[in-house]
Amino acid sequence: MASITINKNFFYHNLNQIALQTGSIEKIAIVLKDNAYGHGLSLMAELASSFGIKHAVVRKTHEALEIETLFDTVLVLGDKAIKHPCYSYALNSLADIAHAQKGAKVELKVDTGMHRNGIAITELDEALEAITKQGLELVGLMTHYRSADVLSSEFFWQQKQFASLQKQVKEAGFSTIRIHSHNSASILRSKSFDEDVVRVGIGAYGYNELPSIFDSIALKPILSLYATKIASREIKEGQRVGYGGNFVATRVMHISTYDLGYGDGWYRHHTDTPFMTAEALPILGRVSMDFISIESNKEQICIMNDAQKVAKQWDTISYEVTTTLHKEIERTIV
Ligand SMILES: *Cc1c(COP(=O)(O)O)cnc(C)c1O
């Protein structure tokens with residue numbers, strides 16, 4: 001199988017850059033959902049914890065269970081709220097409140113304009129009442145921006161909505177709750193920060209997805225993907241490689257088969273323009289389930305060390321490139 005390395009110094013560099021924006025490490029909540037964006041849940045949780053990060057964010061309770069000893073708090077974004085000393089649960093709807101277990105710590109998510117998750121602004125009073133009636137412990141108020149990475153007024157419009165909600169919630173008697181709205185894009189563009197915590201995912205993994213119009217904070221991609229040679233052969237001019245024979249040799253070539261394919265979460269994609277690896281060697285012909293072919297005799301080839309470059313070739317975003325990498329690929333810290 002292919003292998004992945006995680007660069008610890010680069011990860012710490014990224015966290016330091018984010019800490020400069022928040023003012024302290026204590027205000028960073030590292031987002032570890034979806035196998036830490038494909039980087040490896042427990043490995044990334046341990047690295048983050050050893051750096052001094054105290055708060056984590058995951059999608060499901062079973063992920064929280066895997067990492068709970070490493071953090072003071074774990075926010076679960078999308079699961080039924082249960083009572084637990086360090087878990088808190090995002091409440092995405094009035095129905096979530098009704099289904100929550102008595103005594104559970106909860107953070108109310110308010111829809112300030114993204115219209116994906118969260119209660120409507122007009123439901124605020126009803127939600128606060130239901131939280132009290134249900135015996136839940138409200139520990140946070142949160143929202144999510146729909147276009148933090150776009151230079152427009154929308155971001156400020158959502159922030160304004162959120163500010164007025166905070167006032168309302170605090171006036172209703174919930175004065176000690178934590179307030180958070182920022183993801184990577186919004187904290188990286190922020191000139192001032194006065195909330196309690198940021199939910200940082202992609203930035204910590206080394207990608208600044210803001211367009212260049214914003215002051216760019218240099219982050220370093222921490223994940224590299226390698227494939228190992230399985231077999232080599234010489235092919236003559238006119239011989240074809242892989243399914244469909246899409247690649248045709250134009251000369252004598254010494255090619256090798258490497259152990260990476262769409263079974264590992266590597267895109268098959270189209271072959272009109274061959275994928276260019278980090279070592280500037282093109283993948284020849286189609287990607288198989290477990291194999292690719294490359295003109296090389298090297299034992300190991302770095303397929304990628306910058307998911308943004310890969311995303312450009314595939315017309316997607318860095319998030320998708322790393323998140324699809326299979327859980328079973330061995331990940332080691334360098
Ligand atoms: C995934 C997620 C984040 C992290 O977003 P990044 O862009 O990766 O920093 C923050 N908040 C919520 C609610 C999320 O779902």
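This one's a predicted model, so the numbers in the text were calculated from it and none came from an experiment. In listed order, ligands and their atoms are each counted from 1.
Checking S288 against Y243 by side-chain atom types alone, no donor-acceptor pair falls below 3.5 Å. For the residue pair E209 / S184, no side-chain donor-acceptor distance below 3.5 Å is found, with atom types taken as modelled. Counting only N and O atoms by type, the side chains of E330 and S3 include no donor and acceptor under 3.5 Å apart. Side-chain contact check for R199 and H144: at least one donor-acceptor pair (N or O, by modelled atom type) lies under 3.5 Å. Counted by atom type alone, Y12 and S50 present one or more donor-acceptor pairs between their side chains at under 3.5 Å. Between the side chains of E68 and H84, at least one donor-acceptor pair of N or O atoms lies under 3.5 Å.
Close contacts between ligand 1 and Y37 involve ligand atoms 1 (C), 4 (C), 5 (O), 6 (P), 8 (O) [criterion: under 4.0 Å to a heavy atom].
Counting heavy atoms under 4.0 Å from ligand 1, residue H144 touches it through the side chain alone. Residue-level proximity to ligand 1 for N117 is absent, since no heavy atom of it falls below 4.0 angstrom.
The protein atom (non-hydrogen) at minimum distance from atom 7 (O) of ligand 1 is Y319 OH, 2.6 Å. What sits closest to atom 11 (N) of ligand 1 on the protein, heavy atoms only, is R199 NE, 2.8 Å. Looking from atom 9 (O) of ligand 1 to the surrounding protein, the closest heavy atom is S184 OG, 2.5 Å. When hydrogens are left out, the protein atom nearest atom 15 (O) of ligand 1 is K33 NZ, 2.6 Å; that is the closest non-hydrogen contact.
Looking only at side-chain heavy atoms (C-beta outward), E295 and L281 stay at 4.5 Å or farther from each other.
A ring-centre distance under 6.0 Å is found for F275 and W266.
Residue contact annotation: Y205 has no non-hydrogen atom under 4.0 Å from ligand 1. For the pair K109 and ligand 1, a heavy-atom separation below 4.0 Å is found.
Considering backbone and side-chain N/O of G201, one or more are found under 3.5 Å from N/O of ligand 1. Between G203 and ligand 1, a contact under 3.5 Å exists for no N or O pair.
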